[in-house]
Amino acid sequence: MADGECGPAQALAMSILVRMADVYDAAELMDISQAHIDSTIYLGDATLEFAERLASLGARVAVPTSLNVSGVDECGWKDWAVKPEWAAKAARQMLAYERMGAVPMWTCAPYQTHMRPVFGQQIAWGESNAIAFANSVIGARTERYPDLLDICCAITGRVPAVGLHLTENRRGELLLRLDGVPAALQQDDQFFAVLGHLVGKLAGDHIPVIDGITSSPAEDQLKAFAAAAASSGRVALFHMVGVTPEAPTLEAAFQGHAGLKSCATRMEVTTINITVADLRAARRELTTADGRELDMVILGSPHFSLAEFSRLVPLVAGRHAHPRVKFLITSSRLMKERAHETGVLEPIVSFGAQITLDTCILASPMLPPEIRTLMTNSAKYAYYAPSLLNTRVTFGSLADCVRSAVEGRVVRDETPWQSA
Amino acid sequence: MISGRVLVAGEAIGDALVTHDALSFWGGYDFQTGEIIDKHHPLAGICAAGRILAVPFSKGSSTTTAVLLEAVRAGTAPAAIVTTGPDAFFALASIVADVMYGKPFPVIALEAADFALLRTGERLRIDASGVISRSE
């Protein structure tokens, strides 16, 4: 295929894939049945030239393929500080990937659409949060694919047969045990994002197994966990004992190799205890602002789901955001449409919220310079915004975010974190 | 003199910039200037353009490769990247930089013990076979 017998775009993609198979030390390639492309994010001329090179060679995806966020809200960018030249080039990059036959979802939460993969499915996904979610929460199988390679996998339908595609490489490698973390704190709205931030830092390049979860986290809490762990660290797969599908038990999470009590094949596994003090410190790290000033509340990294829109409704009912504070939600066209259809969008918009689609504040230069202080419930936003946007961030619960927007200054309910 | 596994072959000479903390280039590297901008990272504020960057592995965003490709195009990339494991992200960026612009940079994976010998500020030479030596 690398000789061009299937066309120049396939040959180019395959030539990159074959060189990468050497890097991965792969003995062979294997088939995938789905892909998610993170290469959609426009950064500058190089990302655009790569996309347009492939598109101009006639590239077509060989498997069902969804597209991640782009560099611009195609219909809404004029409401923000996006420069026309940026918008035009980001839109060209979107078009290039659409021309390859991929589905223009423009979302970093493809697992909450009809293109959600199934347990055991072999896929090639880019986007760090989506990789961690697909592997861990769904039990689909993807390596941690970088931009520019994800599309080569989609065009060829092939990946190097290595890493997290193979059962034996999916067993836990590091045990993180919640130590005296009360159930009440585990129920707190911020708990899973904070835990994810901490786990990402502790895991290094190992597959972490988290033991001691007493609650039954909702999907959006696991989404927050995955995004946080894949931001502060390189977590592409985690096991949460009793929660995620490859970890019904501790033994299963380690594929039987760490039967910690009486198994003859017991393997030494490094164990780290996570205490309330560790969690408090991790939560403090997510806040880089020091005062109560607030310019914008930002929700939706990863993209806000229908369930998250629905959770917001009772919090905003009968209230209105302070005129000095912007309240922005980043989401996908699909979720906004569903929120509209189910009637949950209207009260949120009445509250004063704006919705940005297709992208997010990190991937599109949309914030005007006067926005200096943010508040969010997303550990991913809290991690990246200080470096990428030179803003200061306060991390808080969804309720804290709404209350702060109403009062026009940062207010946080510290009770669950002080009394734990 | 140490040698490692060649992930992408090439030659480079530059001052070493060594960190033991993983780095995401998206949110961590300004490709317009070559500066490391991740405020959580010990190298924050330091320019890595033209240097031999020793970083154990990539973390965070999948877009790390795209940022590195932009840096190659803009002339602000490190001269080479040395890691402790076969990091696919850095290698891919170099391979695509070769395909698109004919400008690959060496990516060498060292054993952890050899990586630990590297010191910031040392002038290093990397040859095409993956041998890293001090350059006078």
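The basis for the numbers below is simple: all heavy atoms, side chains too, and nothing from hydrogens, waters or symmetry mates.
- At least one donor-acceptor pair under 3.5 Å links the side chain of B/S62 to the backbone N or O of A/Y145.
- Although no hydrogens or angles enter the test, the distance criterion places a donor-acceptor pair under 3.5 Å between the side chain of B/K59 and the main chain of A/S232.
- In terms of heavy atoms, B/K39 sits closest to A/S387 at N-OG, 2.9 Å.
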(request) Give the intermediate values and the outcome of side chain to side chain contact (heavy atoms under 4.5 Å, CB included) for residues B/S24 and A/Y384. (result) CA-CA 10 Å; B/S24 171; A/Y384 284 115; 3.8 Å; yes
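- We find that A/R19 and B/D98 are joined by a salt bridge, their nearest charged nitrogen and carboxylate oxygen being less than 4.0 Å apart.
- Proximity to chain A is absent for every atom of B/A22, based on heavy atoms less than 4.5 angstrom apart.
- Checking side-chain atoms of B/H40 against main-chain N and O of A/Y383 turns up a donor-acceptor pair under 3.5 Å.
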(request) Any chance you could lay out the side chain to side chain contact (heavy atoms under 4.5 Å, CB included) test for A/L388 and B/W26, step after step, and finish with the verdict? (result) CA-CA 8 Å; A/L388 269 171; B/W26 189 72; 3.8 Å; yes
(request) Check the pair A/E127, B/T63 against side chain to side chain contact (heavy atoms under 4.5 Å, CB included), reporting the backbone distance first and the verdict last. (result) CA-CA 8 Å; A/E127 169 56 57; B/T63 309; over 6 Å; no
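- Heavy atoms of A/D22 lying under 4.5 Å from chain B belong exclusively to its backbone.
- B/T65 and A/D147 share no donor-acceptor pair across their side chains, judged by distance under 3.5 Å alone.
- Heavy-atom distances place both the backbone and the side chain of A/T47 under 4.5 Å from chain B.
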(request) Evaluate side chain to side chain contact (heavy atoms under 4.5 Å, CB included) for B/M100 paired with A/L148, printing each intermediate quantity in order. (result) CA-CA 11 Å; B/M100 292 295 292; A/L148 316 175; over 6 Å; no
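- Identified by a heavy-atom distance below 4.5 Å to chain A, the contributing residues of residues 79-95 of chain B are B/P86, B/D87, B/A88, B/F89, B/A91, B/L92, B/I95, in residue-number order.
- Under a 3.5 Å cut-off, the side chain of B/E70 and the backbone N or O of A/L43 do not form any donor-acceptor pair.
- For A/L362, the parts sitting under 4.5 Å from any heavy atom of chain B are the backbone and the side chain alike.
- Per-residue counts of heavy-atom pairs under 4.5 Å with chain B were compared for A/V23, A/L149, A/T288; the largest is that of A/V23.
- B/V67 touches chain A through backbone and side chain together, each having a heavy atom under 4.5 Å away.
- Of the possible donor and acceptor atoms, none in the side chain of B/R73 sits under 3.5 Å from a partner among the backbone N and O of A/D45.
- Both the backbone and the side chain of B/V99 come within contact range of chain A, judged by heavy atoms closer than 4.5 Å.
- Annotation for B/G60 and A/S128: closest pair O-CB, 3.5 Å, computed over non-hydrogen atoms.
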